[in-house]
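Please read the structure below before turning to the comments.
In this chain, residues are counted from 1 in sequence order.
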Amino acid sequence: MSAPVKGPASYFPSIEKKYGRPIAEWKDRIRTSPLTKHMELVTWLKTEHGLGHGHANALVAHTLAEGSGK
């Protein structure tokens with residue numbers, strides 16, 4: 001039995017369910033965005049894509065922590 005998911009990734013199932021797109025697609029959008037700062041990306045996801053603050057923050061935090069984000 002695997003341990004429960006913690007941190008930003010714990011939001012992923014609800015993000016996929018609510019917004020109808022896979023996490024990989026959201027992460028790709030973040031990586032290819034011309035924006036570079038955490039809060040710029042969060043604001044962009046909220047205003048341009050309609051995500052809530054917690055969901056946008058979780059996606060950006062996880063993507064940037066992977067080292068492949070901008």
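For H55, the side chain to side chain donor-acceptor pair (under 3.5 Å) partners at least two apart in sequence or on another chain are S14, Y19. H53 meets the ring pair (Phe, Tyr, Trp, His ring centres under 6.0 Å) test with no other residue; sequence neighbours excluded. With sequence neighbours left out, E16 forms a salt bridge (Lys or Arg N to Asp or Glu O under 4.0 Å) with no residue at all. Taking the side chain to side chain donor-acceptor pair (under 3.5 Å) definition, one finds that T43 meets it with nothing, sequence neighbours left out. The side-chain contact (heavy atoms from CB on, under 4.5 Å) test applied to A58 returns P8, Y11, not counting sequence neighbours.
Closest non-hydrogen pair, A61 versus H38, comes out as N-CE1, 3.7 Å. For L35 against L41, the heavy-atom pair with the smallest separation is CB-CD2, 3.8 Å.
Two residues are said to be in side-chain contact when any heavy atoms from C-beta on lie closer than 4.5 Å; D28 and T32 meet this criterion.
Using a distance-only test at 3.5 Å, with no hydrogens or angles considered, no donor-acceptor pair links the side chain of E25 to the main chain of R21.
Residue N57 holds its CG atom at 12.5 Å from NE2 of H62, rounded to the nearest 0.5 Å. Residue M39 holds its CE atom at 14.5 Å from CH2 of W44, rounded to the nearest 0.5 Å. Rounded to the nearest 0.5 angstrom, L59 CG and I23 CD1 are separated by 5.0 Å. With values rounded to the nearest 0.5 angstrom, T63 atom OG1 is found 5.0 Å from K27 atom NZ.
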Pair E66-R31, salt bridge (Lys or Arg N to Asp or Glu O under 4.0 Å): steps then yes or no: CA-CA 11 Å; E66 290 179 331; R31 287 185 196 109; 2.8 Å; yes
